[in-house]
K.L.:
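Sending over a structure as structure tokens; questions will come in a sec.
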Amino acid sequence: MKISACVIAKNEEHNIGSCLASIQNIVDEIIVVDTGSTDQTIQIAASYGAKVYNYEWQQDFSAAKNYALKQAQGEWIIFLDADEYFIEESCQTLKFCLKKIYADKKYDAIGVRIINIDKDQADKELSSFFTVRIFRNRNNLQYKNVIHEELFNMEGPLKIFTQDQIILPVYHTGYSSSIIVQKLKRNLAVILQEIAVYGEQFKHYRYLCDCYHGLGDYAQTIKYGRLHIESKLSSLGSESIVYNKVIDALICSQSNATEIKAEIERAIQVFPDLPDFYGEYGRYAWEEKDYEIALQYFEKAISIYENQNHNTFAADSFQVKLEQIYVCMGKIYSLKNQYDEAVSCYAESLLLYKYNAEAFSLMYTLICANDALQIIELFDKIYKRDKNDLTFILNNIVPDSNRQVFNSYANILANEFGDSKALTRQHETIYVQIARAILLNSRLAAAMMIAQNNQFIVKPSENTLADGYLTIVKGFYQTEVSFGDEFFKYYIEILSELLLLDTSVLDRYLAMTQKFSSECILKTAEKLEETKEYARALKLYKNVCINVTANNTLPCYEGMGYCLYKLDQYAEATTWFLKVLKKNPDNQKATQFKQWSEARCVLGMPVN
């Protein structure tokens with residue numbers, strides 16, 4: 001049995017080596033059809049023993065592939081894209097499958113699962129779908145479509161073999177972050193050119209939806225996605241992808257909530273056994289601040305996914321969504337003051353993609369005060385002690401939050417990887433950055449002047465500060481200095497730095513808010529909320545509430561309720577949320593927090 005490998009390529013010098021290396025030991029010949037490379041693609045292909053054919057590009061992927069088929073002499077064809085490759089496990093399984101069906105002429109092809117990975121994000125898995133890359137070399141098996149080409153049996157249905165539902169994995173890097181936009185623009189141009197010649201057809205809708213979604217044109221995504229759905233055109237296990245893109249486009253474009261909800265419910269009816277749309281409903285509920293409903297649907301999606309057969313023909317883009325679902329669940333549990341559950345969710349997200357800096361930061365904020373050995377034990381369940389993982393950890397923790405954890409990982413990097421200056425360099429990087437910021441950043445310099453609580457340093461430093469920052473600094477030390485809301489921008493920027501410095505002058509600095517309007521004081525309270533300074537934020541909300549008119553108390557009531565909840569004062573929090581709902585019964589966030597507060601009171605949680 002002779003096997004031919006076929007590839008079409010243009011300027012693929014960064015990919016074609018990996019592609020050909022992955023198959024060269026299982027094929028008898030390699031056919032590369034080059035459509036106009038100006039880089040080293042041809043030379044690299046030749047180094048793997050490929051027969052290289054030059055082909056004039058005609059804006060038609062099927063034509064180029066069918067030309068390659070004419071050159072192949074093997075009984076079986078392996079036709080990969082230049083940015084695809086097998087792993088060793090796939091090669092062994094392929095040999096087994098070919099031997100099993102070689103004499104069984106009823107099968108035309110062998111199914112594979114294309115796994116899209118982002119090589120710019122440490123090979124993060126993005127999605128996968130079922131297709132054909134291995135088939136018999138027969139004249140009746142040909143490619144069709146100028147783009148997103150598919151293999152067809154011109155004499156009947158294409159009969160595809162899968163071994164006990166084990167579908168061969170093929171890895172594809174073409175959707176990596178650095179190249180996806182360029183690739184989608186190319187694809188869109190080819191489709192539009194075909195439409196200009198032959199007119200718009202049903203087969204174009206799905207691919208137009210895909211291109212426009214990737215390029216952020218959500219109106220066109222929704223238009224063509226819905227046209228594809230209405231056409232009822234089947235696409236080998238990928239039907240759900242279009243629904244996914246339409247729903248995502250509706251959410252991203254902040255469409256009407258009723259329209260979003262209806263589209264998701266429609267998708268659930270069509271695909272009741274897929275986790276994707278339960279996850280999307282959870283995302284919709286999260287955006288609407290209906291947190292308990294969000295948790296219910298997230299948990300439903302996870303349950304379906306965990307009990308699913310992942311070796312089916314259906315496309316799968318849920319794993320990358322699952323990573324973000326766990327982040328959302330962690331945020332909800334943090335809002336509820338259920339911090340152990342939040343940490344577990346962030347950890348689950350990191351187990352799916354360990355370089356998710358947001359999930360790591362959110363988790364570390366909750367555990368940084370724990371014993372260093374406990375923190376390291378948790379990290380060891382997620383990360384290897386290799387250079388990449390250690391560097392990620394060190395780059396995403398603040399040394400002063402738990403110096404023992406920081407020093408432990410810096411020492412491992414130094415001792416186990418021969419980097420004797422790792423610890424010193426990490427500290428140098430941090431403090432050099434701070435030093436530069438002090439020299440170059442007026443707001444940090446102003447914050448440092450205030451933090452030192454020494455009015456005598458102001459005069460010598462006057463020439464180093466921009467006027468706005470200098471006014472705030474002078475106002476801190478000289479109460480008679482007056483200013484208004486035009487200086488609030490500088491005030492809040494300095495506050496951001498003071499919150500990081502954890503200085504004892506913070507309350508004195510917050511007293512300066514009396515110089516600003518109620519609107520500015522509210523913004524200050526919101527800033528304190530963001531940094532978990534709930535007691536200080538509560539004090540500001542109370543001060544504002546006294547001074548504003550009855551029509552403007554709603555943000556104060558909601559802010560006070562939230563801060564009291566985060567301070568475990570659930571009975572008093574309930575009182576303020578009731579005040580919010582009396583003024584605005586449709587406030588979903590207040591409704592949710594009132595329910596949580598009441599539940600905590602019933603359970604006998606702290607109330608004062």
Side-chain angles (χ1 to χ4, degrees), residues 1-7 12 14-31 44 48-50 74-102 104 107-136 151 160-176 236-238 305-320 322-323 351-355 382-384 386 388-389:
M1 176 174 54
K2 186 175 181 179
I3 304 172
S4 299
C6 293
V7 180
E12 293 283 358
H14 298 299
N15 295 312
I16 198 164
S18 298
C19 173
L20 300 184
S22 75
I23 55 175
Q24 65 175 342
N25 293 327
I26 59 171
V27 301
D28 300 287
E29 67 171 356
I30 299 175
I31 307 295
I44 294 171
Y48 284 92
E75 298 165 85
W76 281 87
I77 304 286
I78 298 175
F79 212 131
L80 297 183
D81 290 346
D83 53 7
E84 295 175 348
Y85 62 88
F86 279 125
I87 57 174
E88 180 60 31
E89 175 189 345
S90 300
C91 293
Q92 296 303 319
T93 305
L94 173 58
K95 290 177 183 178
F96 171 78
C97 292
L98 286 174
K99 287 180 181 178
K100 184 164 186 176
I101 68 169
Y102 176 68
D104 191 343
Y107 290 110
D108 302 308
I110 296 174
V112 304
R113 180 166 287 279
I114 303 293
I115 301 175
N116 297 311
I117 59 174
D118 189 340
K119 64 182 179 182
D120 300 317
Q121 295 191 63
D123 291 345
K124 176 181 180 179
E125 184 173 327
L126 303 174
S127 60
S128 65
F129 63 94
F130 177 82
T131 192
V132 170
R133 288 289 187 269
I134 306 152
F135 51 93
R136 294 184 189 273
L151 188 73
I160 304 170
F161 172 81
T162 58
Q163 171 61 30
D164 298 328
Q165 296 300 309
I166 298 173
I167 302 175
L168 292 168
V170 174
Y171 288 87
H172 174 233
T173 62
Y175 289 160
S176 297
L236 195 61
S238 299
Y305 187 70
E306 289 178 344
N307 291 289
Q308 210 175 39
N309 177 8
H310 297 292
N311 290 317
T312 65
F313 290 173
D316 181 8
S317 60
F318 187 71
Q319 183 167 312
V320 71
L322 185 57
E323 173 199 337
L351 286 169
L352 289 167
Y353 180 59
K354 59 186 175 180
Y355 299 136
I382 301 170
Y383 297 98
K384 299 176 183 178
D386 62 26
N388 288 338
D389 285 11

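In this chain, numbering begins with 1 at the start of the sequence shown.
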K.L.:
Rounded to the nearest 0.5 Å, what separates atom CD1 in I23 from atom CG in L94?
P.N.:
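Here the interatomic distance stands at 10.0 Å.
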
K.L.:
Sequence neighbours excluded, which residues qualify as salt bridge (charged side-chain N to carboxylate O under 4.0 Å, His left out) partners of E125?
P.N.:
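Per chain and number, E125 pairs via salt bridge (charged side-chain N to carboxylate O under 4.0 Å, His left out) with no residue.
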
K.L.:
Drop me the distance from I3's CD1 to I30's CD1, to the nearest 0.5 angstrom.
P.N.:
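Nearest 0.5 Å value for the CD1-CD1 distance: 12.0 Å.
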
K.L.:
Which heavy atom of S4 sits nearest to which heavy atom of G74, and what is that distance?
P.N.:
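The pair with the smallest heavy-atom distance is OG-N, 2.8 Å.
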
K.L.:
Identify the two heavy atoms, one from V132 and one from A109, that lie closest to each other, and give their separation to 0.1 Å.
P.N.:
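Taking every non-hydrogen atom into account, CG1-CB, 3.6 Å.
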
K.L.:
For P169, does its backbone N or O pair with a side-chain atom of S90 as donor and acceptor, under 3.5 Å?
P.N.:
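Indeed, once roles are kept as given, a pair shorter than 3.5 Å links the two residues.
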
K.L.:
Can you label the angle between the Y107 ring and the F161 ring as parallel, tilted or perpendicular, going by 30° and 60°?
P.N.:
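Y107 and F161: perpendicular rings.
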
K.L.:
Distance check, rounded to the nearest 0.5 Å: L351 atom CG versus E323 atom CD?
P.N.:
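Answer rounded to 0.5 Å: 11.0 Å.
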
K.L.:
Would you say Y305 and Q319 make side-chain contact, with heavy atoms under 4.5 Å?
P.N.:
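Result yes, sub-4.5 Å side-chain heavy-atom pair found.
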
K.L.:
Could you pull out the closest heavy-atom pair between D28 and K2, with the gap in Å?
P.N.:
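Shortest heavy-atom contact: OD2-CA, 3.2 Å.
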
K.L.:
Salt bridge (charged side-chain N to carboxylate O under 4.0 Å, His left out) with D118: which residues, sequence neighbours excluded?
P.N.:
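Salt bridge (charged side-chain N to carboxylate O under 4.0 Å, His left out) check on D118 returns nothing, list empty.
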
K.L.:
Would F129 and N116 count as a side chain to side chain contact (heavy atoms under 4.5 Å, CB included) if you check the C-alpha gap in whole Å, the side-chain angles of each, and the deciding distance to 0.1 Å?
P.N.:
CA-CA 9 Å; F129 63 94; N116 297 311; 3.9 Å; yes

K.L.:
Hey, what do you get for CD1 (I134) to CD1 (I77), rounding to the nearest 0.5 Å?
P.N.:
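Result: 11.5 Å between the selected atoms.
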
K.L.:
About how many Å separate OG1 of T173 and CD1 of I115, when rounded to the nearest 0.5 Å?
P.N.:
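Reported value, rounded in 0.5 Å steps: 13.0 Å.
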
K.L.:
Is there side-chain contact between Y355 and N388, with at least one heavy-atom pair below 4.5 Å?
P.N.:
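Yes. Closest side-chain heavy atoms under 4.5 Å.
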
K.L.:
Mind checking salt bridge (charged side-chain N to carboxylate O under 4.0 Å, His left out) for E75 and listing every partner two or more places apart, or none if nothing turns up?
P.N.:
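Expected list: none.
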
K.L.:
Is there side-chain contact between F130 and I160, with at least one heavy-atom pair below 4.5 Å?
P.N.:
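Sidechains of I160 and F130: in contact.
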
K.L.:
Once salt bridge (Lys or Arg N to Asp or Glu O under 4.0 Å) is applied, what residue pairs with a partner in residues 78-92 remain, sequence neighbours excluded?
P.N.:
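Found K65-D81, D81-R133, D83-K183, E84-R133.
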
K.L.:
Tell me yes or no: between the side chains of D120 and S176, is some donor less than 3.5 Å from an acceptor?
P.N.:
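S176 and D120 do not have a side-chain donor-acceptor pair below 3.5 Å.
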
K.L.:
Rounded to the nearest 0.5 Å, what separates atom CD1 in I110 from atom CH2 in W76?
P.N.:
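Answer rounded to 0.5 Å: 4.5 Å.
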
K.L.:
Using the side chain to side chain contact (heavy atoms under 4.5 Å, CB included) criterion, which residues pair with C19? Sequence neighbours excluded.
P.N.:
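V7, L80.
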
K.L.:
Do F86 and I78 have side chains that approach each other closer than 4.5 Å (heavy atoms only, starting at C-beta)?
P.N.:
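The answer is yes, as the side chains (C-beta and beyond) meet within the 4.5 Å cut-off.
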
K.L.:
Sequence neighbours excluded, which residues qualify as side chain to side chain contact (heavy atoms under 4.5 Å, CB included) partners of Y383?
P.N.:
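Y383: side chain to side chain contact (heavy atoms under 4.5 Å, CB included) contacts with L350, K354, F360, F379, D389, F392, I393.
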
